[in-house]
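Inspection log for the structure reproduced underneath, given as structure tokens.
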There are 2 protein chains.
Amino acid sequence: MFLSTTINGVDAKGRVSVPADFRAVVRGGPFDGIIVWPSFDGPYLEGGGQALLERYQALIEDMDPYDDARIAFERAIFGAAKPLAFDANGRVTLPKELSDHAGLDGKATFVGLGSRFEIWAPEAFEEHKRNAQAFARDNKRSLRPGARAGGVS
Amino acid sequence: MFLSTTINGVDAKGRVSVPADFRAVVRGGPFDGIIVWPSFDGPYLEGGGQALLERYQALIEDMDPYDDARIAFERAIFGAAKPLAFDANGRVTLPKELSDHAGLDGKATFVGLGSRFEIWAPEAFEEHKRNAQAFARDNKRSLRPGARAGGVS
DNA sequence: TGGTTAACTATGGGATAACATGGGATTTGA
DNA sequence: TCAAATCCCATGTTATCCCATAGTTAACCA
């Protein structure tokens with residue numbers, strides 16, 4: 001499981017160390033690296049191991065082959081997703097499209113969310129976190145036993 | 001898995017480099033190249049490895065032999081599909097019918113969609129991408145990753 | 001318990017190989 | 001014989017690999 005929050009540096013070549021905890025999650029999987037795509041919901045990146053993408057693929061293949069939503073998801077997720085392989089030190093190189101989308105500049109915040117994770121510009125994440133905490137406080141009753149979706153520690 | 005989006009040049013001879021990641025997907029298959037056909041849904045091309053076509057064939061053979069839709073699919077896909085072999089440098093030569101259908105002129109955008117990919121004229125794809133992102137954002141709730149978390153941990 | 005060592009993580013820079021692309025030569029088929 | 005497609009080699013650029021360093025944490029032994 002991807003857990004906790006880490007800030008790592010992004011060097012001049014666009015390289016960033018993936019937190020060791022995150023690397024351990026995908027170790028042993030079919031692809032030695034992570035897959036990252038720009039969120040279509042805001043200025044941050046979403047990512048996970050190849051297993052996550054295969055889960056999405058299974059969901060999408062249950063939809064009608066020419067459903068508009070299916071085509072849209074395919075293009076928005078698979079079309080924009082980049083497989084980023086680890087180098088010998090556990091780093092990946094972020095393509096310019098991705099770091100631009102998230103507004104990354106020298107630092108990146110990795111946020112574990114269980115089955116997937118997000119990458120934010122640190123300042124943007126701080127603000128988002130404030131909003132998210134307020135939202136969680138206002139909606140705490142929707143988290144009940146039985147809905148085992150996982151909370152933030 | 002075909003992933004991400006790449007723009008490559010189409011030279012005067014109609015040759016275009018297939019992205020190395022895409023070549024890796026079909027490597028080891030029965031045919032060292034890709035199979036491409038014009039989409040009947042718009043001005044772009046669809047393609048994949050031979051394995052994809054065999055999957056389509058199995059689907060179509062489940063349909064009624066004289067179903068109009070079956071005949072239409074057979075003609076639209078199998079009748080128009082061209083196997084394009086890689087040259088020593090990983091390029092294929094696009095026949096004129098195909099580049100005409102997609103309106104290709106000097107540049108081609110390869111879009112990975114998991115089990116298959118599309119080839120667009122770059123300007124045409126940019127417009128469709130914006131639509132797809134907006135549609136995906138507005139319909140994100142129809143994509144539910146299910147409650148089971150934890151893939152490879 | 002205190003001190004020392006060893007392993008791992010994150011980071012920086014330089015060398016190397018792979019990729020995309022252009023042009024020419026050779027073969028194939030009409 | 002001529003046109004067209006295929007093959008072959010050359011080149012610049014980009015990304016990938018490989019080395020070296022520092023700080024931290026964990027393990028170990030006296």
Side-chain angles (χ1 to χ4, degrees), chain A residues 2-28 31-37 47 80-100 104-112 117 119-122 125, chain B residues 2-28 31-36 45 47 82-100 104-112 117 119-122 125:
Chain A
F2 299 107
L3 290 177
S4 110
T5 299
T6 312
I7 300 179
N8 279 344
V10 182
D11 68 17
K13 293 180 178 178
R15 293 180 301 187
V16 58
S17 281
V18 176
D21 299 350
F22 286 22
R23 298 201 300 264
V25 175
V26 299
R27 184 169 302 146
F31 168 61
D32 187 39
I34 54 177
I35 297 176
V36 180
W37 65 94
K82 308 268 181 204
L84 307 178
F86 296 140
D87 69 10
N89 300 331
R91 286 180 294 192
V92 297
T93 303
L94 290 170
K96 190 168 171 304
E97 313 92 85
L98 292 182
S99 55
D100 280 356
L104 301 183
D105 179 36
K107 297 263 171 200
T109 301
F110 287 79
V111 186
F117 59 85
I119 303 174
W120 290 76
F125 177 65
Chain B
F2 298 106
L3 288 179
S4 112
T5 298
T6 312
I7 299 179
N8 280 344
V10 181
D11 67 17
K13 297 178 180 176
R15 295 180 302 184
V16 58
S17 280
V18 176
D21 295 348
F22 286 23
R23 297 201 299 265
V25 175
V26 300
R27 182 170 303 147
F31 168 60
D32 188 40
I34 55 177
I35 297 175
V36 180
L45 309 175
K82 305 264 183 207
L84 307 178
F86 297 141
D87 71 9
N89 297 334
R91 285 182 291 196
V92 297
T93 303
L94 289 171
K96 191 163 173 306
E97 314 90 90
L98 291 181
S99 56
D100 280 355
L104 301 183
D105 178 36
K107 298 260 171 203
T109 300
F110 287 79
V111 186
F117 60 84
I119 304 174
W120 290 76
F125 177 68

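Since this is a predicted model, take the numbers as computed values, not measurements. Below, chain A is the first sequence line, B the second, and so on; all start at residue 1.
- B:Phe22 places its CZ atom 18 Å from the C1' atom of C:dA18, with the value rounded to the nearest Å.
- Taking 4.5 Å as the limit, every side-chain heavy atom of A:Leu3 sits out of range of all side-chain heavy atoms of A:Asp21.
- Counting heavy atoms from C-beta on, the side chains of B:Ile34 and B:Phe86 come closer than 4.5 Å.
- Residue B:Val18 is classed as a sugar-phosphate contact, given heavy-atom separations below 4.0 Å to backbone atoms only.
- Just one of A:Val26, A:Ile119, A:Val92 meets the side chain to side chain contact (heavy atoms under 4.5 Å, CB included) condition when paired with A:Val18; it is A:Val92.
- One finds a side-chain N or O of B:Asn8 lying less than 4.0 angstrom from the OP1 or OP2 phosphate oxygen of C:dT21.
- Between B:Phe110 and B:Phe117, the two ring planes are tilted [angle within 30° to 60°].
- Rounded to an integer number of Å, the gap from A:Glu97 CD to D:dT14 C1' is 13 Å.
- A residue-by-residue look at B:Arg23 and B:Arg15 shows that B:Arg23 has its nearest nucleotide of DNA chain C further toward the 5' end.
- With distances taken from any side-chain atom of B:Asp11 to the nucleotides C:dA10, C:dG22, D:dT6, the minimum falls on C:dG22.
- The separation between A:Ile7 atom CD1 and C:dA10 atom P is 13 Å, rounded to whole Å.
- In this structure, B:Phe86 places its CZ atom 16 Å from C1' of C:dA18, rounding to the nearest Å.
- Using a 4.0 Å heavy-atom criterion, one finds that A:Ala88 contacts no nucleic acid atom at all.
- Atom P of nucleotide D:dT25 and atom CG of A:Asp21 are separated by 13 Å, given to the nearest angstrom.
- At D:dC18, none of the side-chain N or O atoms of A:Arg91 fall inside 4.0 Å of OP1 or OP2 (strictly under the cut-off).
- A:Asn89 is not listed as a side-chain neighbour of A:Ser17, based on a closest heavy-atom distance of 4.5 Å or more.
- A:Val92 comes within contact range of no nucleotide atom at all, as no heavy-atom separation falls under 4.0 Å.
- With rounding to whole Å, B:Asp87 atom CG is found 12 Å from D:dC9 atom C1'.
- Taking 3.5 Å as the limit, the base of C:dT9 and the side chain of A:Asn89 contain no donor-acceptor pair of atoms between them.
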